[in-house]
Amino acid sequence: MKFSPTFLATLLVLVPFVGGIALLFVPARQTRFIWIGAIFTGAVEVFLGGVLYALFDGTSHAIQFAHRVEWIPQLGASWFVGIDGISLFLVLLTAFLVFISLIYASCSISQNVKMFALFFLWLEGAMIGAFVALDILLVYIFWEMMLVPMYFLIGVWGGDRRIYATYKFVLYTVVGGLLMLAGILYVVYMHEAQFGVLTTNLLDLYKTQIPVAEGWKNPQLLAFLAFFLAFAIKIPLFPFHTWLPDAHVEAPTVGSVILAGILLKMGAYGLIRFSIPLFPEAAVELSFWLMALGLVGILYGAMVSMVQPDLKKLIAYSSISHMGFVVLGIASLNETAIQGGLYQMLSHGVSTGALFLAVGCIYTRCHTRIIAKLGGLSGAIPLFATFFLILVLSSIGLPGTNGFVGEFLILLGTFQTHKWFAAAAVLGIVLGAVYMLQMFQRVMYGKLQTHGEGGDLNWRERAALGLLVAFVFLMGLYPRPILEKMTASVSHLARHYSDYQLSLYGEDIAK
Amino acid sequence: MPTLIAMGLFLPLLGFLVNGIFCRTLPRKWFGWIGTGSVGLSFLAFGWLTLQLLQMPIPERMFQTSLGQWLSFSAGSPVFWNLRFDPLSATMALVVTGVGFLIHLYSIGYMAEDKGVGRYFAFLNLFTAAMLLLVLADNLLVLFVGWEGVGLCSYLLIGFWWEDEEKAEAGKKAFIVNRIGDAAFLLGLFLIFAQWKTLSISELSPLWQSLTPEIQWGLLSAIALLLFGGAVGKSAQLPLSVWLPDAMAGPTPVSALIHAATMVTAGVYMIVRLNLLYSLVPVVSDAIAGVGVMTALFAATVALTQTDIKRVLAYSTISQLGFMFLAVGSRAYDAAIFHLVTHAFFKALLFLGAGAVIHLLNGEHDLRKMGGMRRQAPLVYWTFLFATLTIIGIPGLSGFFSKDEILWKVLSQGTSFSRLTWLLALIAAALTAVYMIRLFYFVFLGERRRIAHGEAEHALPANMTLPLAVLALLSAFGGILNLPHLFAPESYAERLSHFLSPLIGGEIRVHEAAPLLGEGVAMALASLIAVGLSSAALLLFLKRPDWTTSLAKGLSPIYRLLLNKYWLDELYDWLIVRPYVRFSTSLWQIVDVKGVDGSVNGVAVVARTGSTLLSFVQSGLLQSYALAMLFGGLIFGVFVFLRMLR
């Protein structure tokens, strides 16, 4: 048994908030100091993440670093956080991507720096909070809390049509959030009816038997759908996806990185953490339809990507395709496929986050993201071209890059139970190569169209992209350190989702 | 020993890293020597390993090494980075690094003036490394890494001169067409894993050996067909042959590497590697033989009419690969590998010779503007002549033995299907003589058809002429590797077949029915056709240089069909590419822009009007969000309140 300090999860949530609040006391003109403070906070978070990884016991599926403090006793609500093999890497991904985004932002954001840093750290705290929270009320609060800074990030630092984009983003997300709240209330109510205790503790709620009935008046099905809609919008699944391209196009570069890299993962995480274990019968019943939606997403995203005139839109639609793979894997309820889905979430976070950074690099040099206006950049910015190519290859899942491992596990796992779904999804791999390589060719090859300013990558861009590229290969060639630590939790879920229980680390051994 | 295998693999990889990372900082001269040296050392390593292998007793001939675990699954064997060095890998690795080394050496001279020389040698090394991984892999998934790796490198090298949009396009086409095959290959892997829970060749072989084909006939056929789908893409067989002719957009030595030593042979290698599986499903084997012979015929006819020197050679590659697939389809696996080896020699020589011609003519590709190179470049002339005679199959040269072994083994199967394929293959071989003589005549003989003559041969540096000479020797005498019983004493005959025999499981079934012709007669017939047709064609060219033009006029519809490569590209464009683009565009416009967004924006309008009506806010977003939060909080508050009342 490993040492599992209880405060670590709490610390991870609080550090960004504390850092953000501390920055409030710095005069707004001291931008250099603000950046240093923000990046330092991000670095502390990455360091804590490293400690978390080192101390995490991959052989156990129990909740580790659990920390619980009574909060609203009347409701049975508490500050209850903890980490298992499913949330571990999403927390690490968040810390890592926020750190890199801050490095990149320090050379691309020049207005309202103080406000930016504050919102960004707030966002980080809320995202990590949503991943580690184990009280369903707390989850909901963090879930909604993410929306506010994201709203400002797009609304203040965004492009020309940012108002429309934020409107759409907020509208979609709020609708989803409200439905989820209704679902939460129902589950809490059912738990009280069955156990006589009012609680929002997720681990207790797992024990609730949500009633099942035939037909459409099936309570479990409806509750599942209420949660699912919130998640489907976040992921985003076809046909709930149209907010995403607009939000991306208008968001500042780092906003896109976080949006694609982490916010989208919330939805898929929600499926694994809430939908499947809370409503197992409904999950099994709807498995086919969820997989079908995932498959449609894969193909639809890939097709529509190909005809996008705007680089950011193209990558946004490619995200829909990639997240389709994630949903396909998770919904198949096969262990290997779920593991692949989780892995794909991480690798998509790295690659797509990096791709958005790369688009940012292009935009700062050429002042356009319209593919038709770009061309021949390979000669002008060769180092960037190399990085960009590697990211494109990772996105199309070339073996040896991170993209392949996730997709392969998903398809292999799905194939064991649903041959035809996997066979159709393989088509997505071909189509992925079509749109990505076509984009790369139009932007990087041919005659130079727009002369870039500022030359090749500066050191901050090099650091940000270089780190991400390193992870592309690391995760592609040596996935073991990651897979090993998530295996116990994933296989526990895959084998016991119908009567899912999670205990706290230490307690499971005592029993 | 095992570390030596890894070294052989990692040396080109190291060369790639050094050249790639320092492609703008090292002195120009270094790139070529780093690239060439790493492959040369790798060749030495594999050569030494092969010598060790030969000293071992036949059943034990194998070295293995593991570079750690890659992936693990909840059920089934994990995937290890395992390498195996057995007679088959040895043959392939020696061809890849040996011919590869000569191509690297040649490139030093060929690419000396190019500004991207560092990048060039980096990619060339990566190509070699990927191909080595492919042939050394003991796990099908690791093989797949090399499989897609060579696809990537072909993309990078075909589109090497990316300023030219057309060349970049050709690279992309190669990658995507390959990917279509790769998707099928991947599905084949899934089926294998679903059935046997492992992808390791060492674990699968004994399982396959003990199988009786009747039991899982459908499954085995499906696996064999799907994997063959991958081979069709990689080895440019019908219907996925379209990428290879365009692949000539890359620098000429790259064409030599892709067409001769690496990449396109991967499909043949894979089927030979899995021959235990393929020999279980005769119907699939027949299908492979059919595809092979049709491709051989298709490409040979197209090669008759093309005017670009590299394009003719590209089609001849497709045609020769068709012969190899005919061989594996006829379960003559050793013959396929034999032809693969000799083809690597003479096709590399043809491409490098063509490169020298193009180099001397300052980049001219058009056959009709060439001519008279015999006097201008005697060394190129003589080596090219050897290669031409070899591919035609003039008796005594290596191509004669390898092609003949295939033809004989096809015929000796004795079924009526095999007789038909044999006949078609014979026609393809006859066409080979005609198109090669045509090419040779246009380039080297006759009058100089170009006003501005290029440089003289002494402009070629030694590092370009030496590979030509070595390859000419190999093409001429490569037949020694596997002489037929008819010509050689027992101890010298079929040495390659003996070397490969521990890995070839499926016995060639010789039917009761006697073959149509004896081996000697068949061989004589083939030689007669080769010699007769090539001399006839040569005579015609010398007597009436414009006979092809008048023939083209006389057979105008057929000529246009062949000139336009059966309109295969146009067909795909019309059937697949355009509809796909059109469908995607309308999907986006109709579903996203009008459909989903239209309705959502409709809802938004309703919501906005609603909120205005409620006069909480006048407009704006923060407020509507706050409103929603308020609603949420309200519902929650009421709920809590009701709970507490109880």
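Each chain gets a letter, A, B and so on, in the order the sequences are listed, and its residues count up from 1. Quick caveat, the model's predicted, so the values are computed rather than measured.
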Any side-chain heavy atom of [X] within less than 4.5 Å of one from [Y]?
| X | Y | answer |
| --- | --- | --- |
| A/Ser321 | A/Tyr435 | yes |
| B/Phe193 | A/Phe415 | no |
| B/Asn82 | B/Val142 | no |
| B/Asp114 | B/Trp161 | yes |
| B/Leu227 | B/Ile192 | yes |
| A/Leu409 | A/Leu483 | yes |
| A/Arg162 | A/Val156 | no |
| A/Tyr317 | A/His241 | yes |

Worksheet item: Under 3.5 Å, is there a donor-acceptor pair between the side chain of A/Thr401 and the main chain of A/Gly397?
Response: no

Fill in: A/Gln438: side-chain contact (heavy atoms from CB on, under 4.5 Å) partners, not counting sequence neighbours
A/Met306, A/Arg442, B/Lys172

Worksheet item: Any residues in residues 144-154 of chain B near chain A, with a heavy-atom distance under 4.5 Å, and which are they?
Response: B/Phe144, B/Val145, B/Glu148, B/Leu152

Worksheet item: Once the angle between the rings of A/Tyr172 and A/Trp243 is folded into 0 to 90°, is it parallel (under 30°), tilted (30 to 60°) or perpendicular (over 60°)?
Response: tilted

Worksheet item: Should the ring pair B/Tyr155 and A/Tyr445 be called parallel, tilted or perpendicular, given that the plane angle runs from 0 to 90° and is split at 30 and 60?
Response: tilted

Segment of [X] engaging chain A (4.5 angstrom heavy-atom cut-off):
| X | result |
| --- | --- |
| B/Phe190 | both |
| B/Lys197 | side chain |
| B/Glu166 | neither |
| B/Leu186 | side chain |
| B/Leu199 | side chain |
| B/Leu156 | side chain |
| B/Arg119 | neither |

Non-hydrogen atoms of chain B under 4.5 Å away: do they reach the side chain of [X], the backbone, both or neither?
| X | result |
| --- | --- |
| A/Gln441 | both |
| A/Leu393 | side chain |
| A/Ser491 | neither |
| A/Leu389 | side chain |
| A/Phe408 | both |
| A/Leu477 | both |

Below 4.5 Å, heavy-atom pairs only: which of [options] has the largest tally toward chain A?
| options | value |
| --- | --- |
| B/Leu189, B/Leu587, B/Asp164, B/Val581 | B/Leu587 |
| B/Ala183, B/Gly68, B/Ala75 | B/Ala183 |
| B/Glu165, B/Arg179, B/Glu169 | B/Arg179 |
| B/Phe175, B/Phe73, B/Trp70, B/Trp81 | B/Trp70 |

Roughly how far, to the nearest 0.5 Å, is the [atom2] atom of [Y] from the [atom1] atom of [X]?
| X | Y | atom1 | atom2 | result |
| --- | --- | --- | --- | --- |
| A/Ile338 | A/Ser489 | CD1 | OG | 11.5 Å |
| B/Ser66 | B/Asn139 | OG | CG | 10.0 Å |
| A/Ile184 | A/Ile136 | CD1 | CD1 | 4.5 Å |

Worksheet item: Which residue out of A/Gly400, A/Pro382, A/Ala422 racks up the most heavy-atom pairs below 4.5 Å with chain B?
Response: A/Pro382

